[in-house]
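To keep things clear, I will list the structure first and then write my remarks on it.
Labels below follow one simple rule: chain letters A, B, ... track the order of the sequence lines, proteins then strands, and each chain is numbered from 1.
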There are 4 protein chains.
Amino acid sequence: MPHTSNPAGTPDTTPKPRRRDAKQTRERLVRAALELFTSQGYHASTTPQVARRAGVAEGTIYRHFTSKEQLLNDIYRGAVRVFTQVVRETPSKASCREHMMDIAVRWGEVAATDAALVKLVFVAPPTSLLDDASRKAHEEMRLELEKVVASGKSSGEVRAGPAYLWTDVWLQLVRLMLERVATREWATQHSAPKQVIDSAWDSIAAAKGVRSAPQPSEASLPVGR
Amino acid sequence: MPHTSNPAGTPDTTPKPRRRDAKQTRERLVRAALELFTSQGYHASTTPQVARRAGVAEGTIYRHFTSKEQLLNDIYRGAVRVFTQVVRETPSKASCREHMMDIAVRWGEVAATDAALVKLVFVAPPTSLLDDASRKAHEEMRLELEKVVASGKSSGEVRAGPAYLWTDVWLQLVRLMLERVATREWATQHSAPKQVIDSAWDSIAAAKGVRSAPQPSEASLPVGR
Amino acid sequence: MPHTSNPAGTPDTTPKPRRRDAKQTRERLVRAALELFTSQGYHASTTPQVARRAGVAEGTIYRHFTSKEQLLNDIYRGAVRVFTQVVRETPSKASCREHMMDIAVRWGEVAATDAALVKLVFVAPPTSLLDDASRKAHEEMRLELEKVVASGKSSGEVRAGPAYLWTDVWLQLVRLMLERVATREWATQHSAPKQVIDSAWDSIAAAKGVRSAPQPSEASLPVGR
Amino acid sequence: MPHTSNPAGTPDTTPKPRRRDAKQTRERLVRAALELFTSQGYHASTTPQVARRAGVAEGTIYRHFTSKEQLLNDIYRGAVRVFTQVVRETPSKASCREHMMDIAVRWGEVAATDAALVKLVFVAPPTSLLDDASRKAHEEMRLELEKVVASGKSSGEVRAGPAYLWTDVWLQLVRLMLERVATREWATQHSAPKQVIDSAWDSIAAAKGVRSAPQPSEASLPVGR
DNA sequence: TATGAATGAGTGTTCATTCAT
DNA sequence: AATGAATGAACACTCATTCAT
């Protein structure tokens, strides 16, 4: 065996590879795969690479995941849930606007902390490789957000038009912010993220002044969905 | 599948397909690869698949492109240039707003006509596989657009903040529209594309009282999704 | 061809061929490649052929060698070292002549035992495919031999002229012998090998009688090399 | 068509590629292939390369040769005949020694003039690719030389043992000289070529002085061949 | 649970050869 | 005689997955 690598900073006190419990191994694999998949892409990342980075043997992957594709999906769902959880745990505020800003800011913090998560879910989701469960998990996140938007609609803060549309519009702009934060092009404390979050709200907000007048009923919307 | 295919309209006078002129073969390859790459992804598309779909032998690919990666980049540049060209050819209007709406609408028409182009450039660009020339071509398009935004800034129509930021913001929302149009979730004549284009402008427009002009009724929204 | 081969003498206790230890597999590959390369040439030998002859899957080659070229070089170096070792282990005699005859004879024995080794190193060395390490290994062998020739020069047994030249001359003739022995055109106990070995010595020996006179200075030799 | 090359120095007066007569084309192909084959090896040289170097289209090769292998063999036979011709045309001298020295010197001149010829015939003959005609041509050359050696035997100048053996021995050493001259390691006017030619003769010459004692009968020779 | 040597179908690419022009 | 686009079998090499240990 040519090179045994000891990743920087790890105080390797045990000469023989420590008896890791299964949980730890699984997590190491998830971490390794997440980093590899988001930095090189799924297809460009090989299972030997994942194993090496996780510090385990090639075969070990298959004790925890039935296939490379399942590994991806497991990771994906975990990543999506992080964002879903944030939406659920962000307390609603007096205004929808404030509420959504909070969510965006917290998501931004996730992006700053764990860029890979953002890349996997928002920047370059491996759409064609996702299974039903993963798609459902993503839809759940979207729905959770849509609830917030919908509440904004009933309070008249959100402009006319279907809530799901404004959810997507808002997401699209927040995605831009997350991407830039994840790639460290923007720091969370800079003005750019805030500007984009603001404009995300503006793009779905009911117009001020005249526009803020009571919205016409949307009951008649024959929106297909 | 019949073993002799006669593409629409071509008066196939030659019984054997040998001796197509080079131009035609190259174009068939580009078309086949574009469709495959955008529907399955680059890595999932194999050279035998590309060749089969183009109706040529595998080796023929390499008479026209030095590698699969170069094929991708050639296609990508071609696709980007289509959008750049639209920006360049769209005449400027009295207002920046109108100008940008025009561009968005024309891009939308491209999306409706040739979905693959949109997918390649906006929906899932193969970022990590692009060479310098391709990146430059993309940057050119962005810059062309930025000029328009900048002119809007000087006329006071665009909100405070750097022009490149608002370019990206606008692009982000137009991207949503293009994606939905490309996937046929939205038709160009529907209201959703228009709504998103509007909100794209709103998200970068300087906040005015003027904007609050009476909106047309939304009652007719036949938004597909 | 039976689907389970049991190479001579191996007490095949395991019914399925999986889990051979690495050493064995590598050696089988080396053997297979050596035979193929020397009988058909490097380019005419394909990796499927090598694998089949070694009784392993094609991919297995690449667990032991990084490329077909590296496989060749590994084999080449191993072969060269056999001859180098013989030179090193042959004890020097009273006369240089005797010493070199010994070496030639032992080399001849190697040729009789393992013809492929001779073909690879002397008959048709794959010169343009050798890497630096391989070239160095070959040079080492030559140098080891040159030492012997040099000692013959100082004792006056070897004719005037540079030692490296006579080394090459001697090698050239011994090469003829090795080739014929390797191809079984000559058996080691026949007179032809002996005759050639004799003439190899004669071609570099100082002349008897008249020629054994004190050697002229070699200062004037403008031999390019 | 990307690049049209105009090989150095050719005063390309005719704008369209000159109407070459067949003879000329064939010769250009032979020359190009000879150079390529001897510098890179047969397998490493591709037919497109040969065609490009000859300044003709790929398909043109097959108007003059039925296959790449036949091209090689045609070239090989031509090369061998050059050396055969030299042997035939070198007038015999008073002594066999002088005669053979003459031949060696003339061959050396060929090597200096046209290194590729020597490489193809002596340094790295493509043994496994030669057809019967080529092998026969080579044998013819050898036989022509053997005649000279045989005449040396009957005059007592050549040592005891079969003429064909001494022919091979002599060839082996002359081959060394030719190789070095061909690679420009040695110039023909240097002493090394001469030294090696001398020693080539010595290795097959009957011993002078003491060694010139009556030769033992050759009846006992059990030389395999 | 973990290992890692082995697998073999599949990849992108090459190239000697053909043939309509 | 000459062209060069097209061919397709073959190539070296990869990698997700298996399984004896």
Which base sits across from F:dT17 as a Watson-Crick or G-U pair, both distances under 3.5 Å? E:dA6
Whichever of A:Thr60 and A:Ala44 has the more 5' nearest nucleotide on DNA chain F, that residue is A:Ala44
If I compare all heavy atoms of D:Asn73 with all of D:Ser134, which pair ends up nearest, and what's the gap? OD1-OG, 2.6 Å
Looking only at heavy atoms, the pair that brings D:Tyr42 and D:Lys68 closest together is O-NZ, 3.0 Å
Out of E:dT17, E:dT3, F:dT7, which nucleotide sits closest to the side chain of D:Thr47? E:dT17
Between C:His64 (NE2) and F:dC13 (P), how many Å, whole number? 16 Å
Using a 3.5 Å distance criterion without hydrogens, assess whether the side chain of A:Arg28 forms a donor-acceptor pair with backbone atoms of A:Ala54. yes
Phosphate-side-chain proximity, D:Thr25 and F:dA2, N/O vs OP1/OP2 below 4.0 Å: yes
Give the rounded distance in Å between these two atoms: CD1 of C:Ile61 and P of F:dC11. 12 Å
Euclidean distance, atom CG of residue D:Leu36 to atom P of E:dA16 [Å, nearest integer]: 11 Å
Only pairs with both distances under 3.5 Å count, Watson-Crick or wobble alike; so what is the partner of F:dA1 in this structure? none
Could you tell me how far apart D:Phe65 (CZ) and F:dA2 (C1') are, to the nearest whole angstrom? 15 Å
Please confirm whether any donor atom in the side chain of C:Glu58 sits under 3.5 Å from an acceptor in the base of F:dC13, or the reverse. yes
Atom-to-atom span, CG of D:Leu72 to P of E:dA16 - whole angstrom: 12 Å
Heavy atoms under 4.0 Å, any strand shown: does D:Thr66 hit a base, just sugar-phosphate, or nothing? nothing
Where do D:Arg77 and D:Ala137 come nearest, in terms of heavy atoms and distance? CG-CB, 4.0 Å
Length of the line joining D:Glu69:CD and E:dC15:P, which is rounded to integer Å: 17 Å
Between D:Tyr62 (OH) and F:dA2 (C1'), how many Å, whole number? 15 Å
Give the rounded distance in Å between these two atoms: CG of A:Leu71 and C1' of F:dT17. 14 Å
Can you tell whether the side chains of A:Arg31 and A:Glu35 come within less than 4.0 Å, N to carboxylate O? yes
Using only side-chain N and O atoms of B:Arg63, determine if any of them is under 4.0 Å from OP1 or OP2 of F:dA5. yes
